[in-house]
Amino acid sequence: MNNKYELIYEGKAKKVFSHSESDKVIIEFKDDATAFNALKKAKFEGKGKLNCLISAKIFEHLIKNNIPTHFIELKNENIMMAKKIKVIPLEIVLRNTAYGSLCKQTTIKSGTVLAKPLIDIYLKNDELNDPLITKDRIELMKILSSKDLDSIINLTLKINGILKSFFKNIQLQLVDFKLEFGYDSKNNILLGDEISPDNCRLWDLNQKNDTIVSLDKDRFRNDLGGLIEAYSEINRRINNFI
Ligand code: UDP
């Protein structure tokens with residue numbers, strides 16, 4: 001990355017740099033993959049580029065559908081420019097189908113299609129291992145007002161509707177996904193972070209039988225192999241569709 005930009009934050013999968021215009025940032029997507037709160041780590045050459053390209057296309061689609069996001073434009077294959085936001089320390093997970101931690105923590109069977117979307121909110125805090133959090137605890141901790149929490153929940157439900165049909169068009173089942181939001185300088189709530197196979201579960205609908213074929217980070221979490229092939233396939237389907 002050009003040294004005229006100053007690194008302001010480095011996360012597990014991305015680096016964020018300052019921009020000469022103080023309301024913008026430059027986000028570089030890394031090839032690193034982590035799972036289970038970074039207990040499991042690896043590098044996949046080309047993952048950063050694929051997640052950046054996939055996220056950019058999805059953000060553009062959401063913006064067209066009137067969802068406020070931080071995305072401005074792609075700078076190159078693994079770098080995007082975005083609006084600077086103050087990230088709200090919550091991970092908003094929406095589930096259409098039961099899988100992953102929901103099935104480890106409840107008696108709901110893996111693969112159950114939920115009668116209505118379920119929203120689970122986690123506190124974004126690595127030291128505490130991102131615990132599941134309640135609405136009352138969010139208020140108690142003064143993370144955000146109940147009005148803003150409601151806005152975020154409504155936006156998440158709207159985003160789910162848009163993404164579910166987007167992915168269905170390219171033969172993918174949107175099982176669940178995680179979103180992060182933040183405030184811009186005018187206190188507007190914007191969707192931030194990324195939307196990629198790193199934070200969405202996507203199952204291939206091009207299967208003749210009921211076997212689950214994950215085209216997402218479960219390939220790494222569950223040692224299935226073929227992560228880059230899966231992410232490339234998603235990128236290919238998106239490009240053929242748009
Ligand atoms: N997720 C994420 N980051 C996290 C935890 C979960 O992006 O730190 C995503 C994950 O990829 C999946 C959804 O949120 O699409 C639900 O994940 P779950 O709570 O089932 O956790 P997991 O099974 O990954 O531990």
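Start at 1 and go down the list; that is how both ligands and their atoms are numbered.
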Distance under 4.0 Å to a non-hydrogen atom of Tyr122: what atoms of ligand 1 satisfy this?
19 (O)
Do any non-hydrogen protein atoms sit less than 4.0 Å from atom 9 (C) of ligand 1?
yes
Asp176 contact mode with ligand 1 (heavy-atom cut-off under 4.0 Å)
both
Among all protein heavy atoms, pick out the one at the shortest distance from atom 23 (O) of ligand 1; state its residue, atom name and that distance to 0.1 Å.
Arg201 NH2, 2.8 Å
Treat each ILVMFWY residue as a node, draw an edge where side-chain heavy atoms are under 4.5 Å apart, and state whether Phe29 and Val87 are in one component.
no
For the residue pair Thr211 / Asn209, report whether a side-chain donor-acceptor contact shorter than 3.5 Å exists.
yes
Write down the atom of Lys83, the atom of Ile72, and the distance for their closest heavy-atom approach.
N-CD1, 3.7 Å
Students often mix this up, so state it plainly: with edges at 30° and 60°, are the rings of Phe59 and Phe71 parallel, tilted or perpendicular?
parallel
Can you tell me the protein heavy atom closest to atom 1 (N) of ligand 1 and the distance?
Lys178 CB, 3.8 Å
I'd like the name of whichever of Ile195, Asn199, Leu94 reaches closest to atom 7 (O) of ligand 1 through any heavy atom.
Asn199
Could you establish whether Lys217 and ligand 1 come within less than 4.0 Å of each other, counting only heavy atoms on the residue side?
no
Look only at interatomic distance and state if Arg221 has a nitrogen or oxygen under 3.5 Å from any nitrogen or oxygen of ligand 1.
yes
Does atom CD (Gln105) have a neighbourhood of more than 12 heavy atoms from anything else shown, all under 6.0 Å?
yes
Has Asn199 got a side-chain atom pairing as donor or acceptor with Ser196's backbone, closer than 3.5 angstrom?
yes
When the aromatic ring centroids of Tyr9 and Phe17 are compared, is their separation below 6.0 Å?
no
Within 4.0 Å of some non-hydrogen atom of Arg95, the atoms of ligand 1 are 16 (C), 18 (P), 19 (O), 20 (O)
From Ser101, Pro89, Pro131, residue fulfilling side chain to side chain contact (heavy atoms under 4.5 Å, CB included) relative to Tyr122
Ser101
Which of the ligand 1 atoms, numbered from 1, are nearer than 4.0 Å to a heavy atom of Val93:
14 (O), 16 (C)
4.0 Å heavy-atom contact, Phe36 with ligand 1
no
Record the part of Asp198 in heavy-atom contact with ligand 1 below 4.0 Å; permitted values are side chain, backbone, both and neither.
backbone
Identify, by atom number and element, the atoms of ligand 1 in contact range of Tyr99, meaning under 4.0 Å from any of its heavy atoms.
20 (O)
Nearest candidate to atom 18 (P) of ligand 1, where distance is taken over non-hydrogen atoms, out of Ser101, Gly100, Cys200, Ser196:
Ser101
Minimum-distance protein heavy atom relative to atom 4 (C) of ligand 1
Glu91 OE1, 3.6 Å
Check this for me: Lys86, atom NZ, are more than 12 non-hydrogen atoms of other residues, nucleotides or ligands nearer than 6.0 Å?
no
Checking side-chain polar atoms at under 3.5 Å, does Tyr231 have a donor or acceptor matched by the opposite partner on Asp198?
yes
